[in-house]
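In what follows, a single structure is set out as structure tokens and then discussed.
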Amino acid sequence: MIKRREFDTGLEELSHLLQEMSSHVEHALIESLESLKTSDVERAKKIIAKDSELNDLENKIMDIGSRLILTQQPVAKDLRRILVSFRISSDLERMGDLSIDIAKVVVRMNGEPVMKPLIDITRMVEIVQQMIVESTKAYNEENVDLAYKMAKDDDMVDQLYGQIIRELMSFLVEDPHKASQVMHLMFVGRYIERIADHATNIGESIVYLVTNERPDLNS
């Protein structure tokens, strides 16, 4: 009984740390977008400076999960939950890196105002922000339906990304002097699209946790 209680406490700690990682990623993404909208280089630098915090959280998850495996020798779903926590933390860490990459674009633009309202990019971020929140919720609740929803949201993000590329290419044709910012904004769109892909990976991990099957939500 004591051994099980210790194991459950460890799982709760993993869940708490994943929630903390998720909140960190969400904050970094929103702040990066706002720094881009306002061409605020100093705000972007503050986001970049916090990059190591997410790595520290991932390392804690690896340490706790590894200790649970070594000392408790879990099997079946208990083992899957730990392995899935490793995979989710890896996806969240990469999502954080991509959010930081957006802030780095702001630094490279060096205060240059954006040449157009960021309507589609903002919509992409809104959808991805929801995916971040719902992926963690799906993990905590073992909600397979919510996990599968990641794929539908990812499709919407992909469509918006395609619109952004087409629009930016038309800007480039009209004014080749805007090539540098066009490329910067294309990268931003790509980073957001990749964050959505990682959120979809989390959805797949949750389905695996609950069903012991490995779906491909990107197909």
Side-chain angles (χ1 to χ4, degrees), residues 1-33 35 43-104 125 128-144 146-147 150 191-192 194-212 214 217:
M1 181 67 72
I2 294 175
K3 191 173 183 180
R4 182 69 213 188
R5 189 159 59 241
E6 290 175 352
F7 185 74
D8 288 341
T9 298
L11 291 181
E12 288 175 8
E13 194 169 358
L14 288 177
S15 180
H16 174 76
L17 288 168
L18 286 173
Q19 182 63 60
E20 193 173 346
M21 286 190 77
S22 176
S23 298
H24 193 291
V25 171
E26 185 184 1
H27 176 76
L29 177 61
I30 293 170
E31 282 293 293
S32 295
L33 174 63
S35 69
R43 189 174 186 174
K45 287 180 178 178
K46 289 179 181 178
I47 301 164
I48 296 168
K50 294 183 178 181
D51 185 29
S52 62
E53 294 178 8
L54 205 59
N55 296 329
D56 292 342
L57 290 170
E58 183 185 21
N59 289 336
K60 286 181 182 178
I61 287 172
M62 295 297 294
D63 289 343
I64 293 170
S66 298
R67 173 172 53 79
L68 288 175
I69 291 173
L70 289 172
T71 61
Q72 307 291 326
Q73 298 180 338
V75 295
K77 191 173 182 180
D78 285 338
L79 178 59
R80 291 204 305 277
R81 178 165 286 277
I82 296 173
L83 297 178
V84 162
S85 73
F86 290 162
R87 287 159 59 174
I88 292 176
S89 67
S90 177
D91 278 306
L92 286 170
E93 193 276 333
R94 187 65 191 117
M95 291 158 78
D97 285 345
L98 289 162
S99 299
I100 296 295
D101 287 338
I102 297 171
K104 290 178 179 178
V125 168
V128 169
Q129 180 187 359
Q130 182 180 27
M131 292 176 77
I132 295 169
V133 172
E134 291 183 343
S135 64
T136 307
K137 179 179 173 67
Y139 172 78
N140 290 330
E141 298 178 357
E142 297 189 6
N143 188 327
V144 173
L146 200 54
M150 297 296 112
Y191 297 148
I192 300 169
R194 288 294 297 137
I195 293 172
D197 287 344
H198 283 285
T200 305
N201 289 346
I202 293 176
E204 292 179 355
S205 294
I206 294 161
V207 174
Y208 167 67
L209 167 65
V210 177
T211 67
N212 197 25
R214 298 182 181 276
L217 303 190

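In this text, all values refer to a predicted model and were calculated from it rather than measured experimentally.
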Could you state the interatomic distance from [atom1] ([X]) to [atom2] ([Y]), rounded to the nearest 0.5 Å?
| X | Y | atom1 | atom2 | value |
| --- | --- | --- | --- | --- |
| Ile132 | Leu29 | CD1 | CG | 5.0 Å |
| Leu146 | Met131 | CG | CE | 10.5 Å |
| Leu57 | His16 | CG | NE2 | 8.5 Å |
| Ile64 | Glu13 | CD1 | CD | 3.5 Å |
| Gln72 | Asp8 | CD | CG | 9.5 Å |
| Arg67 | Ile69 | CZ | CD1 | 11.5 Å |

[X] versus [Y], closest heavy-atom pair with distance:
| X | Y | value |
| --- | --- | --- |
| Ala138 | Ala147 | CB-N, 4.1 Å |
| Ile48 | Ala103 | CG1-CB, 3.8 Å |
| Leu14 | Gly65 | CD2-N, 4.0 Å |

Item to complete: Any chance you could lay out the side-chain contact (heavy atoms from CB on, under 4.5 Å) test for Lys137 and Asn143, step after step, and finish with the verdict?
Response: CA-CA 8 Å; Lys137 179 179 173 67; Asn143 188 327; 5.6 Å; no

Discussion item. Whether Arg194 and Asp197 form a salt bridge (side-chain N of Lys/Arg under 4.0 Å from carboxylate O of Asp/Glu) is what I want to check.
Written reply: yes

Worksheet item: Are any of the side-chain heavy atoms of Ile30 and Gln129 separated by less than 4.5 Å?
Response: yes

Worksheet item: Quick one: are Ser15 and Asn140 in side-chain contact, heavy atoms under 4.5 Å?
Response: yes

Worksheet item: So, the side chain of Ser22 versus the backbone of Leu18: is there a donor-acceptor pair under 3.5 Å, distance only?
Response: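 No; zero donor-acceptor contacts below 3.5 Å.
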
Worksheet item: Taking Ser23 for the side chain and Glu20 for the main chain, is one N or O donor matched with an acceptor at less than 3.5 Å?
Response: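 Pair absent, no side-chain N/O of Ser23 close to backbone of Glu20.
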
Worksheet item: Above 12 or not: heavy atoms from other molecules or residues under 6.0 Å from NZ of Lys77?
Response: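 It does: Lys77 NZ has more than 12 such atoms within range.
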
In residues 79-102, what donor-acceptor pairs under 3.5 Å come from side-chain atoms, sequence neighbours left out?
{"unit_1": "Arg80", "atom_1": "NE", "unit_2": "Tyr208", "atom_2": "O", "d": "3.3"}
{"unit_1": "Arg80", "atom_1": "NE", "unit_2": "Leu209", "atom_2": "O", "d": "3.2"}
{"unit_1": "Arg80", "atom_1": "NH2", "unit_2": "Leu209", "atom_2": "O", "d": "2.9"}
{"unit_1": "Arg81", "atom_1": "NH1", "unit_2": "Tyr139", "atom_2": "OH", "d": "3.3"}
{"unit_1": "Arg81", "atom_1": "NH2", "unit_2": "Glu142", "atom_2": "OE2", "d": "2.4"}
{"unit_1": "Ser85", "atom_1": "OG", "unit_2": "Ile82", "atom_2": "O", "d": "2.5"}
{"unit_1": "Ser89", "atom_1": "OG", "unit_2": "Ser85", "atom_2": "O", "d": "3.2"}
{"unit_1": "Ser89", "atom_1": "OG", "unit_2": "Phe86", "atom_2": "O", "d": "2.8"}
{"unit_1": "Asp91", "atom_1": "OD1", "unit_2": "His198", "atom_2": "ND1", "d": "2.7"}
{"unit_1": "Asp91", "atom_1": "OD1", "unit_2": "Asn201", "atom_2": "ND2", "d": "3.2"}
{"unit_1": "Ser99", "atom_1": "OG", "unit_2": "Met95", "atom_2": "O", "d": "3.0"}

Worksheet item: Could you walk me through whether Met21 and Ile61 pass the side-chain contact (heavy atoms from CB on, under 4.5 Å) check?
Response: CA-CA 10 Å; Met21 286 190 77; Ile61 287 172; 3.6 Å; yes

Worksheet item: In chain order, what residues pass the side chain to side chain donor-acceptor pair (under 3.5 Å) check against Lys50, with sequence neighbours excluded?
Response: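 Scan of Lys50 (side chain to side chain donor-acceptor pair (under 3.5 Å), adjacent residues dropped) gives none.
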
